[in-house]
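Beneath this line is the structure, given in C-alpha cells, with notes to follow.
A quick note: this is a predicted structure, and the numbers were derived from the prediction, not measured. We count residues from 1, following the sequence as given.
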Amino acid sequence: MPRFAANLSMMYTEHDFLDRFTAASADGFEAVEYLFPYAYDATELRRRLDDHGLRQVLFNAPPGAWESGERGVAALPGREAEVRSGIGRALEYAAALGCPRVHVMAGLVRPEATAAELAEHRDTYLANLAWAAERAAAAGVDILIEPINGRDMPGYFLNRQAEAHAVVREVGAPNLKVQLDLYHCQIVEGDLTTTLRRDLPTGRVAHLQVAGVPDRHEPDRGELNLRHLFDTIDDLGFDGWIGCEYSPRAGTSEGLGWLNDYRGESA
C-alpha cells in the first residue's frame with residue numbers, strides 16, 4: 001500500500017506552521033514534507049517530528065531569492081557558489097531532521113534564451129548536480145530533481161520526465177534521482193499510467209507527489225483516476241512516499257475523505 005506524507009507548506013494552513021505537525025499526526029499521517037525548513041531552528045523542527053512520531057521525508061534546498069520570484073539556482077550560470085552554500089545548509093538540516101531526500105530546484109530561464117544559452121544552463125545544471133550528489137552521498141542523502149509544469153511556473157528549466165531521467169543518467173550519481181509529481185506530469189504530458197510503468201521500475205524515481213488536476217485541490221477532484229493510479233503504484237512495488245502537495249478546498253482534515261477511503265479499502 002502506498003505511503004502518504006502531508007505537505008505542510010500547502011496543507012493545514014489554517015494552523016501556524018509549527019502546529020501543523022500536530023494536525024497531520026492527528027489525521028493519521030506518519031510523514032511530512034514541506035518546501036523549506038530554514039526559517040526555523042532544526043532542533044525545534046526535530047522536536048515536533050519526534051513528539052508526534054513523524055518522519056521528515058523531503059524538503060527543498062535553498063532556492064535563491066524566493067520572495068523575489070526566483071525558483072532555484074542550480075541551472076543558472078554564475079550562481080555556483082550559492083548552490084554549494086545552499087547544499088551545505090540543506091545537508092545540515094537533513095542530518096538534524098533525519099531526512100533522506102533534498103530537492104534541488106533548477107531555476108527559471110528567459111523565454112528568449114538562445115540554443116547556446118540553454119546549453120550553458122544545462123551544463124551548469126549537470127555540474128552543480130554532480131557536485132551536490134557527491135556531497136550528499138557522504139551524508140546518505142539523495143538529491144532529487146523535479147519536472148514542473150510551465151503553467152504554474154513559467155520558465156522553469158525542467159519540464160518533462162524524459163529530460164529529468166536523461167539528466168540523472170548523464171550525471172551518473174546513484175543518489176541523484178527524480179521526484180515525479182503526478183500533477184505536473186499530467187499537465188505537461190499526461191499518460192500517467194505508462195509513465196509510472198516505464199519509470200518506477202528503473203529505480204530512478206525516489207519520491208512521488210499528487211494533487212488534483214487542474215486546480216491543485218484534493219487529488220480526487222478533477223481528471224485523475226486516483227484509485228487506478230494508486231493501484232498501479234502499488235502493483236509496481238514502489239516503496240517510497242507520496243507527498244500530498246495540494247491546496248485543500250475548505251479545511252485540510254475535512255478534505256481527507258479520499259485518503260480515509262483509500263486506507264479503508266486497502267486495509
- Query: Which of these passes ring pair (Phe, Tyr, Trp, His ring centres under 6.0 Å) with Phe4: Phe230, Tyr246, Phe29?
  - Reply: Phe230
- Would you check if the distance from the ring center of Tyr93 to the ring center of Tyr38 is below 6.0 Å? yes
- Query: Thinking salt bridges, do Arg110 and Glu117 make one under a 4.0 Å N-O criterion?
  - Reply: yes
- Message: Is there a continuous path of hydrophobic side-chain contacts, each under 4.5 Å between heavy atoms, that joins Trp258 to Trp241?
- Response: no
- Test side chain to side chain donor-acceptor pair (under 3.5 Å) on Asp27 and Tyr12 and set out the steps. CA-CA 11 Å; Asp27 281 334; Tyr12 300 105; 2.6 Å; yes
- Item | Min side-chain heavy-atom separation Arg160-Pro147 under 4.5 Å | no
- Item | Phe238 vs Pro2 side-chain heavy atoms within contact, under 4.5 Å | no
- Please report the closest heavy-atom contact between Met10 and Ser247, naming both atoms and the distance. CE-OG, 3.2 Å
- Message: Is there a path of hydrophobic side-chain contacts, each under 4.5 Å between heavy atoms of I/L/V/M/F/W/Y residues, joining Leu144 to Leu180?
- Response: no
- Item | Any Arg47 side-chain heavy atom under 4.5 Å of His52 side chain | no
- Query: What do you reckon, is CD of Glu30 surrounded by more than 12 foreign heavy atoms closer than 6.0 Å?
  - Reply: no
- Between Glu44 and Arg48, is there a side-chain N and carboxylate O pair less than 4.0 Å apart? yes
- Check the pair His207 / Glu146 against side-chain contact (heavy atoms from CB on, under 4.5 Å), numbers first and verdict last. CA-CA 10 Å; His207 191 76; Glu146 178 190 20; over 6 Å; no
- Distance only, no hydrogens: is a donor on one side chain within 3.5 Å (strictly under) of an acceptor on the other, for Asp235 and Thr232? no
- Query: Below 4.5 Å, heavy atoms only, C-beta onward: do Ile145 and Leu129 meet side chain to side chain?
  - Reply: yes
- Message: Any non-hydrogen side-chain atom of Val167 less than 4.5 Å from a side-chain atom of Arg122?
- Response: yes
- Query: Has the side chain of Arg71 got a donor or acceptor atom that lies under 3.5 Å from a matching backbone atom of Met105?
  - Reply: no
- Item | Minimum heavy-atom distance between Ala211 and Arg216, given as atom pair plus value | CB-CG, 3.7 Å
- Give a yes or no on this: more than 12 heavy atoms of other residues, nucleotides or ligands lie within 6.0 Å of atom CD of Glu67. no
- Message: Quick check: do Gln209 and Tyr183 have side-chain heavy atoms less than 4.5 Å from each other?
- Response: no
- Task: Evaluate the side-chain contact (heavy atoms from CB on, under 4.5 Å) criterion for residues Asn7 and Val32: first the C-alpha distance (whole Å), next the side-chain angles of each, then the deciding distance (0.1 Å), finally the verdict.
- Result: CA-CA 6 Å; Asn7 186 295; Val32 298; over 6 Å; no
- Message: Between Tyr40 and Phe17 (judged by ring centroids, cut-off 6.0 Å), do the two rings come close enough to count as a pair?
- Response: yes
- Item | same_hphob_cluster(Val57, Leu54) at 4.5 Å side-chain heavy-atom cutoff | no
- Task: Taking all non-hydrogen atoms of both residues into account, name the closest pair between Arg227 and Tyr262 and its distance.
- Result: NH1-CD1, 3.1 Å
- Message: Could you check whether any side-chain N or O of Asp234 sits under 3.5 Å from a backbone N or O of Met1, counting only pairs where one atom can act as donor and the other as acceptor?
- Response: yes
- Message: For Arg101, is there an ion pair with Glu33 - N to carboxylate O distance below 4.0 angstrom?
- Response: no
- Heavy-atom side-chain proximity of Arg221 to Asp215 below 4.5 angstrom: no
- Just by distance, do the side chain of Gln56 and the backbone of Leu58 share a donor-acceptor pair under 3.5 Å? yes
- Would you mind reporting whether Asn159 and His184 have side-chain heavy atoms less than 4.5 Å apart? no
- Item | Any donor-acceptor pair under 3.5 Å from Thr195 side chain to Asp191 backbone | yes
- Query: Leu76, Tyr125: one ILVMFWY side-chain cluster at the under-4.5 Å cut-off?
  - Reply: yes
- Query: Are the side chain of Arg20 and the backbone of His15 linked by a donor-acceptor contact shorter than 3.5 Å?
  - Reply: yes
- Is there a path of hydrophobic side-chain contacts, each under 4.5 Å between heavy atoms of I, L, V, M, F, W or Y residues, that connects Leu158 with Leu126? yes
- Answer yes or no: is there a donor N or O on one side and an acceptor on the other, between the side chain of Asp16 and the main chain of Leu18, under 3.5 Å? no
